[in-house]
Each structure stands twice: as C-alpha cells, then as structure tokens.
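Quick caveat, the model's predicted, so the values are computed rather than measured. One-based numbering along the sequence shown.
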Amino acid sequence: MPHDNPSPAEAASAAAPRFAAAQETKRQRTRLIIRAAGMLPVLLLLCIGFHLLSDGRFFTGQNLGIVLQQAAVNTVLAAGMTFVILTGGIDLAAMAGLIVSKFPDLGPLWLPAAVLTGLVIGVINGALIALLRLPPFIVTLGSLTAVRGLARLLGADTTVFNPSIPYAFIGNGSLTLLPGVVSIPWLSVIALLVILGSWLVLRRTVLGVHIYAVGGNESAARLAGIKVWAVLIFVYGVSGLLAGLGGAMQAARLYAANGLQLGQSYELDAITAVILGGTSFVGGIGSIWGTLVGALIIAVLSNGLILTGVSDVWQYVIKGLVIIGAVALDRYRLQGSART
C-alpha cells in the first residue's frame with residue numbers, strides 16, 4: 001500500500017542536492033568576500049606588526065602623517081599605471097614630471113607645465129604603441145631613459161633647490177578638518193581626489209567599459225567597434241599626466257628636483273602597488289581601490305623597515321622580493337579565476 005511519508009533514505013537523497021547548492025553558494029560568497037577584501041588584511045597586519053616591532057612608534061600621529069605623505073606620490077603614479085595595466089600594457093616613464101619640475105623657479109607656471117609635460121610624453125608613448133604597434137615595455141623604457149637623461153641635462157646633473165617654490169603648501173601643508181585635532185596632508189588629499197576621479201572614469205563611464213574590454217580581449221573589442229587606438233592613447237596620456245603630477249608633488253614636498261635620484265625606482269613601486277591591489281598583468285581585471293591599498297602597503301613597508309632599523313641595502317632586497325611576490329600573486333589569482 002503506497003504511503004506519503006518518504007523513508008529516511010529517500011529524504012536524505014532528496015535533501016542532498018539542496019545541501020550541495022547551499023554549500024556552493026556559501027563558497028561563492030566566501031570567494032566574493034576574499035576578493036573584495038583583497039590585500040586589506042595584509043595592510044592591517046603589516047601596520048600592527050610594525051607597531052609592535054617599533055615599540056609603539058608606528059601608530060603615532062606624526063608617523064601616520066609621514067606614511068600618508070609617502071604613499072601619496074606613489075598612489076598618483078599607480079593610479080595612472082592602473083589605467084595602462086588594465087589594457088594589458090605597461091608604463092615605465094614615471095620620470096616625466098621632472099623635466100619641468102627641474103625649474104621650480106619659473107613661478108606659478110611650473111606646476112601646470114610639469115603636468116602638461118607628462119601628458120605630452122604619455123600621449124606620444126600611446127601613439128607609438130597604438131598606431132605603430134611597438135611593444136609597450138620597449139617604448140616606455142626608452143622614454144624613461146630619455147626623460148631621465150634630459151632631466152639631468154637640463155639641471156646640469158645637479159640638484160635644483162628652491163626654498164620659496166610656488167605651491168609648496170601641497171607638498172608640506174595640511175588640510176585642517178578639526179582645528180588642533182584632525183588634519184590631512186594636502187598630498188593625501190590630491191591622491192584621494194585622483195583615486196576618486198579614476199574610479200568615476202573606470203566604473204561610471206562608457207570609456208571605462210572600453211578600457212576593461214580592450215584589456216580583456218583587444219581583438220574582440222576591435223570587432224565590437226571600440227576604437228582601441230584611441231583607448232590606448234588615452235590610458236598612456238592619463239599615465240603620463242599623473243606621472244607629471246606625481247613629479248610636481250615630490251618637488252613641492254622636497255623643495256627640489258634631481259634628475260638622477262629623484263624618481264629612482266618609482267615606476268617599480270607603482271607597478272607593484274597596482275599588482276598587489278589586484279590588477280592583473282594580462283589586463284581586463286582590476287580595481288582602483290585595490291591600487292590604493294597596494295600603494296599604502298608599499299608606504300607602510302618602507303616606513304616600517306626604517307622604524308625597525310633595517311638597513312637601506314636590505315630594504316632593497318625586501319622590496320625586490322615583494323615585487324616577485326606580487327607577480328606570483330597575480331599568477332595565482334589568474335589560476336584561481338580559471339578554476340572558478
């Protein structure tokens with residue numbers, strides 16, 4: 001005689017698919033949380049670790065202000081680098097702004113001129129890459145070498161000092177939010193505005209969609225009617241413009257410019273920040289907020305190593321290992337995406 005109540009075995013068999021689906025949903029939610037958090041947990045752990053190792057000197061108002069200042073220039077450079085790497089390219093010409101910032105006594109014109117110089121160099125790089133199909137690495141490496149040489153030539157291979165440099169407040173001043181309580185370095189304000197502007201372009205405009213599309217599959221983007229050449233010129237132009245702004249910010253901070261040492265390895269710090277932040281070398285994957293976290297990690301690492309008394313030589317060794325680790329992390333993320 002048939003009965004409506006299933007046996008325990010039948011009930012278990014019927015519940016198995018629902019249980020598996022619930023587990024898969026839970027795993028997907030966990031993966032989304034991990035991806036959203038990105039390298040933020042690493043940043044927090046570094047801050048806590050350096051605070052303990054430096055006898056409580058890391059989490060002081062003065063030191064945190066220094067960290068924010070150190071992160072600001074790299075954040076601006078890395079924001080421009082994010083645009084380029086999202087398209088699957090690379091830009092090493094982080095020295096662009098030094099050509100004009102070598103002459104900080106030109107009055108108020110030196111700051112816009114530095115930014116404009118970076119923009120022009122970036123557009124030229126983009127045109128060579130997009131129209132002549134030259135390799136991005138070779139083009140930007142050539143630009144980096146030429147710009148560095150030109151900066152040294154224009155400054156007679158010396159450091160140019162100007163204690164009364166215009167716009168010096170952006171390099172060493174602060175925006176007061178609460179008098180005597182809370183203030184933010186102007187360098188950090190500029191960096192945050194750059195990040196917000198970059199986010200708006202990448203996530204809230206058609207151009208941003210095109211940038212991701214070109215990085216994801218350039219051929220498919222071209223077949224879809226996207227003007228790939230225009231996108232590439234734009235991203236290299238933005239990278240150059242922000243490199244010029246970064247050079248000007250550093251000159252305002254130091255009251256000086258130097259074509260030999262100032263900007264040394266900045267391009268590598270910017271690339272590392274971008275990759276640590278989750279943007280993939282192959283293009284089409286990345287977040288500007290992740291780049292900000294990556295830049296903060298680089299600044300915290302540099303500051304923490306100094307606080308804990310690590311020698312300059314070992315700082316280079318550790319930073320080099322971080323760069324290698326960033327590339328390895330990028331490869332791991334790509335493999336994880338392929339599996340899921």
Take Asn74 and Tyr266 through the side-chain contact (heavy atoms from CB on, under 4.5 Å) test and state the conclusion after the steps.
CA-CA 7 Å; Asn74 191 30; Tyr266 277 21; over 6 Å; no
Is Thr82 reaching over with its side chain to a backbone N or O of Ala78, donor-acceptor style, under 3.5 angstrom?
yes
On a heavy-atom basis, which atom in Ala191 and which in Ala72 lie closest, and how many Å separate them?
CB-O, 3.7 Å
Mutual orientation of the aromatic rings belonging to Phe234 and Phe83 [parallel < 30°, tilted 30-60°, perpendicular > 60°]:
perpendicular
Testing the basics here: between Met39 and Leu276, what is the closest heavy-atom pair and its distance to 0.1 Å?
CG-O, 2.8 Å
Quick one: do Val201 and Leu207 satisfy side-chain contact (heavy atoms from CB on, under 4.5 Å)? Show the steps, please.
CA-CA 7 Å; Val201 171; Leu207 177 58; 4.3 Å; yes
Under a 3.5 Å distance rule, please check whether Gln69 uses its side chain to pair with a backbone N or O of Asn172 as donor and acceptor.
no
If you look at every heavy atom in Ala71 and Ala295, which pair is closest and at what distance?
CB-O, 4.2 Å
Do the ring planes of Trp186 and Phe169 sit parallel (below 30°), tilted (30 to 60°) or perpendicular (above 60°)?
perpendicular
Can you list the steps and then say if Ser188 with Leu192 is a side-chain contact (heavy atoms from CB on, under 4.5 Å)?
CA-CA 6 Å; Ser188 301; Leu192 184 57; over 6 Å; no
Can you tell me if Tyr212 uses its side chain to pair, donor with acceptor, with the backbone of Gly286 under 3.5 Å?
yes
Nearest-0.5 Å distance, CG of residue Leu64 to CD1 of residue Ile184:
12.0 Å
Should we say atom CH2 of Trp289 is surrounded by more than 12 heavy atoms from elsewhere, each under 6.0 Å from it?
yes
State the CD1-OG1 distance between Ile211 and Thr205, to the nearest 0.5 angstrom.
6.5 Å
Between the CD1 atom in Ile226 and the CG atom in Asn217, the distance rounded to the nearest 0.5 Å is 10.0 Å
Find the distance between NZ (Lys227) and NE2 (His210) and round it off to the nearest 0.5 Å.
10.5 Å
